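Basis for what follows: all heavy atoms, side chains included, without hydrogens, waters or symmetry-related copies. A quick note: this is a predicted structure, and the numbers were derived from the prediction, not measured. Start at 1 with the first residue, then count along the sequence.
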Amino acid sequence: MRKVVLGSAFGIAALTVAGVAQAQVVTWEITPEQERSVYTTIYRDRGTVGAAPVREYDVSVGAVIPAEIDLYEVPAGVTYAPARQYRYVIHGNRVVFVEPSTRRVVRVIEP
């Protein structure tokens, strides 16, 4: 009986750790002025990136962007350093930051 309880406890702990690792929240300490600057710089240059396929997909934080959606490097004009490690896609009038290796949405900036 003791082995079953210990095995179950380890199993639950492993699942909990995996769930926490998968649902990491990215915290950007960014002022409203910095956020506006990031948004404006990227949105202003939206014509230089390819058009995303006309398709609805979830862009909420934690969602995974479909593979057929191109992700773009953050332009050099964005001076907020934490944004530079991500890629982005424009969805409607929102700038969506994505973790490149997992394609998970980490932040959405709206006008």
Side-chain angles (χ1 to χ4, degrees):
M1 178 71 166
R2 179 184 250 179
K3 289 181 183 177
V4 171
V5 172
L6 282 176
S8 297
F10 284 122
I12 291 171
L15 289 174
T16 302
V17 170
V20 170
Q22 210 173 32
Q24 287 180 347
V25 174
V26 174
T27 303
W28 288 4
E29 294 194 19
I30 187 170
T31 66
E33 293 80 21
Q34 289 171 314
E35 188 172 73
R36 174 65 41 213
S37 175
V38 168
Y39 177 87
T40 302
T41 301
I42 291 175
Y43 198 75
R44 175 185 58 223
D45 293 338
R46 69 188 177 279
T48 63
V49 298
V54 179
R55 173 178 170 211
E56 283 300 313
Y57 53 94
D58 187 10
V59 294
S60 59
V61 172
V64 176
I65 300 296
E68 66 268 15
I69 305 299
D70 291 331
L71 303 178
Y72 299 96
E73 287 191 34
V74 175
V78 172
T79 58
Y80 180 68
R84 310 263 328 151
Q85 66 184 316
Y86 300 104
R87 299 295 179 264
Y88 78 94
V89 63
I90 294 178
H91 187 268
N93 64 350
R94 297 175 284 186
V95 175
V96 180
F97 285 90
V98 179
E99 206 291 313
S101 64
T102 63
R103 300 184 67 87
R104 286 198 183 277
V105 175
V106 296
R107 187 165 189 102
V108 179
I109 301 178
E110 299 188 46

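- Glu110 CD to Glu35 CD: the interatomic distance, rounded to the nearest 0.5 Å, is 9.5 Å.
- For Ser101, the side-chain contact (heavy atoms from CB on, under 4.5 Å) test picks out Glu99, with sequence neighbours left out.
- Put simply, the side chain of Thr41 gets close to the backbone of Ser37: a donor and an acceptor are under 3.5 Å apart.
- The two residues Val98 and Leu71 come nearest to each other via the heavy atoms CG1-CD1, 3.8 Å.
- Shortest non-hydrogen contact noted between Ala83 and Val74 is O-CG2, 3.3 Å.
- Here the OG1 atom belonging to Thr40 is positioned 10.5 Å from the CG atom belonging to Asp45, to the nearest 0.5 angstrom.
- Remark: the backbone N or O of Ile65 is paired with a side-chain donor or acceptor of Arg103 at under 3.5 angstrom.
- Side chain of Ser60 to backbone of Ala63: no donor-acceptor contact under 3.5 angstrom is found.
- By the 4.5 Å heavy-atom criterion applied to side chains, Thr31 and Tyr80 are not counted as neighbours.
- The closest side-chain heavy-atom distance from Val95 to Val38 is not below 4.5 Å.
- The CZ atom of Phe97 lies 10.5 Å from the CD atom of Gln85; values are rounded to the nearest 0.5 Å.
- To the nearest 0.5 angstrom, Tyr72 atom OH is 9.0 Å from Ile90 atom CD1.
- Annotation: the span from Tyr88 atom OH to Arg46 atom CZ amounts to 11.0 Å, rounded to 0.5 Å.
- Rounding to the nearest 0.5 Å gives a distance of 12.5 Å between CG of Asp70 and CZ of Arg87.
- Considering Val96, Val105, Ile69 in turn, Ile69 is the only one that fulfils the side chain to side chain contact (heavy atoms under 4.5 Å, CB included) rule with Tyr57.
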